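One structure is given here, and the rest of the page talks about it.
These numbers come from the heavy atoms of this one structure, side chains and all, not from hydrogens, waters or symmetry mates. Just so it is clear, the structure is predicted and the values come from calculations on it, not from any experiment.
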Amino acid sequence: MLAIGRGLMARPKVLLLDEPSLGLAPRLAEEVYARISDIHGDGLTVLLVEQNTILALSVATRGYVLENGEVVLQGSASQLKSDDRVREAYLGR
């Protein structure tokens with residue numbers, strides 16, 4: 001939360017967040033993502049890099065799946081949540 005706050009103090013046009021849930025208890029990660037959703041809702045573009053696919057897609061508008069540095073899938077968050085390849089690889093069945 002502190003790192004996000006420090007980033008917002010610069011009044012950026014885009015906020016880049018790399019693994020904001022890393023090392024956090026699930027409840028704290030959910031709280032961080034609630035704040036990320038609020039920030040986006042206030043009109044700031046957020047570019048999020050995250051391995052926790054469930055949390056990331058819960059706040060994302062669009063998503064990109066990278067494999068070995070290449071984009072292998074892209075689409076709206078709802079499209080990616082329902083894509084069998086994403087579900088199998090990242091969300092579990």
Locate the shortest heavy-atom distance separating Pro20 from Tyr33; write the atom from each residue and the value. CG-OH, 3.6 Å
Is the shortest heavy-atom distance from the side chain of Thr61 to the side chain of His40 under 4.5 Å? yes
Cluster check Val65, Leu48: I/L/V/M/F/W/Y, side chain < 4.5 angstrom: no
Please give me the minimum heavy-atom distance between Ala60 and Ala77, naming the atom from each residue. O-CB, 3.2 Å
Looking at every non-hydrogen atom in both residues, tell me the closest pair between Ser58 and Lys81 and how far apart they are. CA-NZ, 4.3 Å
Side chain of Glu31, backbone of Leu28: donor and acceptor closer than 3.5 Å? no
Check whether Glu70 reaches the backbone of Val72 with its side chain - one donor and one acceptor, N or O, closer than 3.5 Å. no
Taking every non-hydrogen atom, the tightest pair across Pro12 and Gly7: CD-O, 3.4 Å
Applying the 4.5 Å side-chain criterion to the ILVMFWY set and letting contacts propagate, would Val32 and Leu44 be lumped into a single cluster? yes
For Arg62 and Ser76 the tightest heavy-atom approach is NH1-N, 3.8 Å
Working to the nearest 0.5 Å, report the span between CD of Gln79 and CG of Leu57. 11.5 Å
ILVMFWY cluster, Leu8 and Ile36 together (side-chain gap under 4.5 Å): yes
Interatomic spacing from CD in Glu19 to CG in Asn52 - rounded to 0.5 Å: 8.5 Å
Is Ile39 reachable from Leu24 through a run of hydrophobic residues whose side-chain heavy atoms are each under 4.5 Å from the next? yes
Residues in side chain to side chain contact (heavy atoms under 4.5 Å, CB included) with Asp83, at least two apart? Leu73, Arg85, Val86
For residues Ile4 and Leu17, determine if any side-chain heavy atom of one lies less than 4.5 Å from a side-chain heavy atom of the other. yes
Expected output: side-chain Ser37 to main-chain Ala34 donor-acceptor under 3.5 Å: no
Is Met1 reachable from Leu55 through a run of I, L, V, M, F, W or Y residues, each pair having side-chain heavy atoms under 4.5 Å apart? yes
